Amino acid sequence: MDMELLPTEPKLETNSLPPKPRFEPLKAHEMSDGRVQIRKISVPPHRYSPLKKYWMDIYTPIYEQMMIDIRMNLKARKVELKTRMDTPDISNLQKCADFVRAFMLGFDVADAIALLRLDELYVESFEIKDVKTLRGEHLSRAIGRLSGKVGKTKFAIENATKTRIVIADTKIHILGSFANIKIARDSLCSLILGSPAGKVYSKLRQVTARLAERF
């Protein structure tokens, strides 16, 4: 019995495959189809003088390092940010907006500039009335408990939790990482609810020691 042999297909050589394409990373203006991205941050009346004083400290890292255009619109009283053709990353615009916004909330330039350099930093804000409804002298005493004598309590919480805290009347702003903000917020809430500072300190020491062991 004769058997017919089927013709075998020639094997493709691995070397005959086309080379893997390499694409250059897109620039910020290319990701938005050439459109300019803009952010506007309002300047509160009480931050107008500090903005004038520290303008060059804010302008230099934004323009030279982050490659974002910045200007002060005197008529609208807003700081305007926009991307340039040579902006390396589109996320730089949002980082700069967060940096300027943190300065407007009352943080020092030296503290707020960390938002440009680190990705895991945030600003969280809340009011005293969100924790407990206080009026008159009770509210004044609560604000006093948060600050302590010559800011002692506030500095102790900042140093223990590696955060920065701004107490602006009844509003509280915390700058730090997610876990550290939670610890600082819990301590501040305990003080608002009436806990003595000594009790808050001892609890803070336990929590920070536990956090240090984890990392």
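Just so it is clear, the structure is predicted and the values come from calculations on it, not from any experiment. The residues of the chain are indexed from 1 along the displayed sequence.
A distance-only check finds no donor-acceptor pair linking the side chain of S195 to the backbone of L191 [under 3.5 Å]. In this structure, the side chain of R71 does not engage the main chain of V79 through any donor-acceptor pair within 3.5 Å. Proximity of a side-chain donor or acceptor of S202 to a complementary backbone N or O of K199 within less than 3.5 Å is detected. T60 places a side-chain N or O within 3.5 Å of a backbone atom of M56 that can act as its donor or acceptor partner.
Here the side chains of I62 and V100 are in contact, with some heavy-atom distance below 4.5 Å. The shortest distance between side-chain heavy atoms of S91 and Q94 does not fall below 4.5 Å. At a threshold of 4.5 Å between non-hydrogen side-chain atoms, the residues C96 and R39 do not count as touching. Contact of the I181 side chain with the V123 side chain is not registered, since no non-hydrogen atoms from C-beta on lie closer than 4.5 Å. Here the side chains of P61 and M66 are not in contact, with every heavy-atom distance at 4.5 Å or above. Side-chain contact between L81 and I38: absent, with no pair of heavy atoms (C-beta onward) separated by less than 4.5 Å. Looking at L146 and T153, their side chains never come closer than 4.5 Å, going by heavy atoms from C-beta outward. Side-chain atoms of M104 and I41, non-hydrogen and from C-beta on, do get closer than 4.5 Å to each other.
One hydrophobic cluster, built from ILVMFWY side chains closer than 4.5 Å, holds both F103 and W55. Under the 4.5 Å side-chain contact rule for hydrophobic residues, I113 and L175 do not share a cluster. Taken together through direct or relayed side-chain contacts under 4.5 Å among Ile, Leu, Val, Met, Phe, Trp and Tyr, L118 and I183 form parts of separate hydrophobic clusters. Residues L93 and V36 are members of separate hydrophobic clusters, defined by side-chain heavy-atom contacts under 4.5 angstrom among Ile, Leu, Val, Met, Phe, Trp and Tyr. There is no path of hydrophobic side-chain contacts, each under 4.5 Å, that joins L115 to V109.
For the salt bridge (charged side-chain N to carboxylate O under 4.0 Å, His left out) condition, the pairs that include at least one residue of residues 175-192, sequence neighbours left out, are E124-R185, K182-D186. Applying the salt bridge (charged side-chain N to carboxylate O under 4.0 Å, His left out) test to residues at least two apart or on different chains, the pairs with a partner in residues 91-104 are K95-D119, D98-R101.
With sequence neighbours excluded, no residue forms a side chain to side chain donor-acceptor pair (under 3.5 Å) with R205. Not counting sequence neighbours, R117 has no partner by the salt bridge (Lys or Arg N to Asp or Glu O under 4.0 Å) test. Every residue two or more places apart in sequence or in another chain that forms a ring-ring contact (aromatic ring centres under 6.0 Å, His included) with Y63 is listed here: Y59. N92 meets the side chain to side chain donor-acceptor pair (under 3.5 Å) test with no other residue; sequence neighbours excluded. In this structure, the side chain to side chain contact (heavy atoms under 4.5 Å, CB included) partners of A76, at least two apart in sequence or on a different chain, are N73, K78. The side chain to side chain donor-acceptor pair (under 3.5 Å) test applied to D69 returns no partner, not counting sequence neighbours. For R145, the side chain to side chain donor-acceptor pair (under 3.5 Å) test picks out no residue, with sequence neighbours left out. Scanning for side chain to side chain contact (heavy atoms under 4.5 Å, CB included) contacts around Y48 gives V43, K52, M72, L74, R77, with sequence neighbours left out.
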Could you pull out all donor-acceptor pairs under 3.5 Å where a side-chain atom in residues 132-141 meets a protein atom, sequence neighbours excluded?
residue	atom	partner	partner atom	Å
H138	ND1	R141	NH2	3.1
S140	OG	G136	O	3.4

Tabulate below the donor-acceptor pairs under 3.5 Å that side-chain atoms of residues 160-174 make, not counting sequence neighbours, or state none.
residue	atom	partner	partner atom	Å
T161	OG1	I157	O	2.6
T161	OG1	T163	OG1	2.8
R164	NE	D111	OD1	3.4
H173	ND1	S125	OG	2.7

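In this structure, NZ in K82 is found 11.0 Å from CD1 in I68, a value given to the nearest 0.5 Å. Rounding to the nearest 0.5 angstrom, the gap separating the CD1 atom in I192 from the CD atom in E127 is 10.5 Å. Distance check, rounded to the nearest 0.5 Å: CG of L105 to CZ of R47 gives 8.5 Å.
Smallest separation of non-hydrogen atoms from A112 and F107: CB-CB, 4.4 Å.
Between Y201 and S187, the side chains place no donor N or O within less than 3.5 Å of an acceptor N or O (distance only, hydrogens not considered).
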